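First the structure, in the form of structure tokens, and then the observations on it.
In what follows, chains carry the letters A, B, and so on, assigned in the order in which the sequence lines appear, proteins first and then strands, with residues in each chain numbered from 1. Remember, it's a predicted structure, so these values are computed and weren't measured experimentally.
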Amino acid sequence: MPDTNMTEGAYNYAYLDEQTKRMIRRAILKAVAVPGYQVPFGGREMPLPYGWGTGGIQVTAAIIGRDDTLKVIDQGADDTTNAVSIRRFFAHVADVATTTRTEEATIIQTRHRVPETPLEDGQILVFQVPIPEPLRMLEPRETETRTLHALSEYGVMQVSLYESIARHGRISKSYNYPVQVNGRYIMSPSPIPKFDNPKLDRSPALQLYGAGREKRIYAVPPYTPVKSLDFDDHPFEVERWTECCAFCGSTESFLDEMIIDDAGKRLFVCSDTDYCEGRR
Amino acid sequence: MNTPTLSSPLLSARNITKRFGGRIACHDVNFDLWPGEVLGIVGESGSGKTTLLNCLAGRLTPDEGSVAYETASAGTVDVHRLSEARRRLLTRTEWGFVNQDAREGLRMGVSAGANIGERLMAVGARHYGEIRGSAADWLARVEIDADRLDDRPTTFSGGMRQRLQIARNLVSGPRLVFMDEPTGGLDVSVQARILDLLRGLVERLHLSAVLVTHDLGVARLLTHRLMVMQGGAVIEEGLTDQVLDDPQHAYTQMLVASILPV
């Protein structure tokens with residue numbers, strides 16, 4: 001592949017140098033081979049701050065080619081600053097077509113949502129992950145969390161769910177809801193709403209997760225079981241709304257609540273802008 | 001499942017030696033612990049009691065010697081040759097460990113119920129109602145009011161924390177409990193209550209226990225057999241009453257003579 005750059009000649013194709021992309025691809029292959037396992041990688045400095053998607057961008061840069069079509073969403077929307085900047089970045093450095101249509105995209109980089117439109121075989125979903133370790137808030141020591149993963153000692157995660165029910169009467173965690181991948185590793189699905197968790201289960205698309213600050217990559221291969229943790233008598237359930245989307249009338253999608261005047265009038269709209277526009 | 005007969009000890013330690021650099025913490029300790037027996041280890045501070053206990057419980061690896069444990073279902077195992085996974089499983093199912101400082105043995109950030117339920121969830125319990133039920137049951141058994149079930153241990157007194165720690169360890173139905181000064185740092189009336197509780201539980205549940213203490217009164221009340229340690233070595237052992245009423249070694253005589261009369 002002629003990957004030595006384009007017109008300006010200032011940057012390598014897709015921003016990262018070839019050795020770095022090779023290293024990230026090796027990490028991705030390992031992550032796919034061991035679903036849910038966090039693979040360390042040599043994260044690079046990217047031209048944007050940690051927390052803005054450095055992990056996701058490095059993963060995308062490592063897998064993108066000229067034939068790809070890229071879609072970037074932030075909180076479900078294609079037109080927010082983060083999404084627009086990252087999309088423009090790759091259009092510039094990787095010379096790829098971009099789109100806002102979920103079904104046209106081959107790579108979808110996302111923060112905080114999984115698109116409403118069902119994904120298909122051959123699509124790749126790249127997540128930006130702030131904290132890859134699902135046990136971090138329960139066990140501060142990295143050496144200990146690694147041991148817990150290695151020995152699948154996940155009692156402490158269940159303790160946190162127990163505590164939530166004891167305190168609030170239900171499992172109150174509404175985003176970043178822990179999942180167990182392929183019956184083995186417990187994984188943080190990144191801060192997507194738990195509404196999206198069922199979409200991860202046996203998804204035909206490949207899911208790649210990149211955490212730039214913590215320098216970890218993990219993955220869920222297509223058609224892999226992903227189970228949200230729960231109790232037998234407090235089963236996992238997703239949030240529901242009594243309203244429908246004010247623009248498209250959908251009752252099935254994840255709705256954002258907006259306050260639209262000083263009197264506190266509320267409006268519910270789809271968080272997935274592409275899905276909403278497609279239905280109007 | 002083969003029930004252990006009286007012909008096989010539950011725990012047997014052979015030639016346990018642990019050094020920290022050039023300093024010998026415990027030297028050539030041998031003993032057998034039989035099912036249903038409570039063994040006390042007494043001695044002054046620095047005599048190697050806690051080091052020995054940690055070696056027995058698999059928390060420290062001795063430099064020499066071995067610890068054999070008769071498991072409930074898998075025959076006799078060498079504690080220090082087990083894989084880390086097996087050893088950790090053993091310590092949270094068949095064993096319990098009661099620390100002197102309850103904060104080390106508890107999760108201070110979660111409720112009493114979650115503390116008690118952790119071992120159950122660790123071995124796969126996934127029914128909230130049942131977990132909560134056993135937690136409430138154990139809370140009652142250690143004499144803590146049922147309405148404290150959802151309170152954090154940070155709001156508990158020292159004695160209550162210690163009782164909570166005991167409940168947390170016993171909920172999984174262990175066969176062997178290691179206790180490191182379980183009543184150290186508590187005032188005497190609270191001590192008496194915990195000793196009462198422990199004595200009742202040990203008898204009712206047919207527990208075996210290894211108890212480390214510097215308090216001969218505690219040892220007299222709880223233990224069947226006593227080992228006296230000095231400078232890392234066992235200098236005298238025997239039935240508790242026998243050792244305390246008729247001490248043979250000069251150091252034991254001194255220990256017994258140092259008990260303050262009331």
Side-chain angles (χ1 to χ4, degrees), chain A residues 34 37 131 133-173 177-186 194 197 201 225-237, chain B residues 58-59 82-93 95-96 103-136 138-139 144 146-155 164-165 167-169 171-172:
Chain A
V34 192
Y37 172 71
I131 299 172
E133 178 52 71
L135 304 170
R136 175 61 65 242
M137 297 303 159
L138 310 166
E139 174 52 65
R141 285 166 298 174
E142 178 72 17
T143 47
E144 184 66 13
T145 56
R146 284 191 207 181
T147 310
L148 295 180
H149 281 296
L151 304 178
S152 6
E153 280 182 19
Y154 290 134
V156 58
M157 183 52 96
Q158 212 69 25
V159 167
S160 77
L161 300 182
Y162 173 99
E163 188 66 5
S164 184
I165 302 177
R167 212 154 279 279
H168 307 290
R170 64 193 169 84
I171 300 175
S172 59
K173 203 162 177 57
Y177 192 102
V179 294
Q180 187 159 35
V181 181
N182 206 21
R184 177 62 178 85
Y185 284 99
I186 287 199
K194 67 176 177 180
N197 272 18
D201 186 27
V226 175
K227 185 185 177 303
S228 303
L229 300 180
D230 60 2
F231 285 98
D232 296 344
D233 48 346
H234 282 80
F236 172 78
E237 49 192 24
Chain B
R59 295 182 161 199
L82 284 177
S83 69
E84 193 185 0
R86 283 279 317 275
R87 187 163 60 237
R88 286 173 72 123
L89 183 69
L90 194 68
T91 55
R92 63 168 196 265
T93 52
W95 290 0
R103 268 173 300 185
E104 285 172 32
L106 292 172
R107 270 183 205 284
M108 298 304 279
V110 299
S111 66
N115 266 293
I116 301 178
E118 178 168 355
R119 277 180 165 224
L120 299 174
M121 291 182 256
V123 294
R126 289 294 178 267
H127 192 283
Y128 175 79
E130 286 167 12
I131 295 166
R132 196 174 166 77
S134 348
W138 269 100
L139 215 55
I144 298 177
D147 60 0
R148 303 304 300 269
L149 187 60
D150 292 333
D151 291 347
R152 295 185 186 191
T154 41
T155 67
L164 180 62
Q165 197 193 178
R168 173 183 157 92
N169 274 286
V171 68
S172 63

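More than 12 non-hydrogen atoms from other residues, nucleotides or ligands lie less than 6.0 angstrom from CD of A/Glu144. More than 12 heavy atoms of other residues, nucleotides or ligands lie within 6.0 Å of CZ in A/Arg167, so this atom counts as buried by the packing criterion. Taking a 6.0 Å sphere around CZ of B/Arg88, one finds it holds more than 12 heavy atoms contributed by other residues, nucleotides or ligands.
For A/Asp232 and B/His127, the side-chain atoms include no donor-acceptor pair closer than 3.5 Å.
Taking the side-chain contact (heavy atoms from CB on, under 4.5 Å) definition, one finds that B/Ala85 meets it with A/Leu151, B/Ser83, sequence neighbours left out. Scored by the side-chain contact (heavy atoms from CB on, under 4.5 Å) test, A/Val34 finds A/Tyr37, A/Tyr185 as partners (sequence neighbours excluded).
We find the OH-CD1 distance between B/Tyr128 and A/Ile171 to be 10.0 Å, quoted to the nearest 0.5 Å. Taken from CZ in B/Arg132 to OH in A/Tyr162, the straight-line distance is 4.5 Å, to the nearest 0.5 Å. For the atom pair NE2 of A/His234 and CZ of B/Arg126, the computed distance is 15.0 Å after rounding to the nearest 0.5 Å.
Proximity of a side-chain donor or acceptor of A/Glu153 to a complementary backbone N or O of B/Ala122 within less than 3.5 Å is not detected.
With a 4.5 angstrom heavy-atom cutoff, A/Leu148 touches chain B only via side-chain atoms. When heavy atoms are compared at a cutoff of 4.5 Å, B/Arg107 approaches chain A solely by way of its side chain, counted from C-beta outward.
When each of A/Val159, A/Leu138, A/Val156 is checked for a side chain to side chain contact (heavy atoms under 4.5 Å, CB included) with B/Val110, only A/Val159 meets the rule.
Nearest heavy-atom pair across B/Asp150 and A/Ala166 is OD1-CB, 3.6 Å.
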Legend entry - Derivation of the side chain to side chain contact (heavy atoms under 4.5 Å, CB included) call for B/Glu130 and A/Phe231: CA-CA 10 Å; B/Glu130 286 167 12; A/Phe231 285 98; over 6 Å; no

Legend entry - Worked verdict on B/Ile131 versus A/Gln158 for side chain to side chain contact (heavy atoms under 4.5 Å, CB included): CA-CA 11 Å; B/Ile131 295 166; A/Gln158 212 69 25; 5.9 Å; no

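Between chain B and the residues A/Ala150, A/Ser152, A/Ser160, A/Gly155, the most heavy-atom pairs under 4.5 angstrom are made by A/Gly155.
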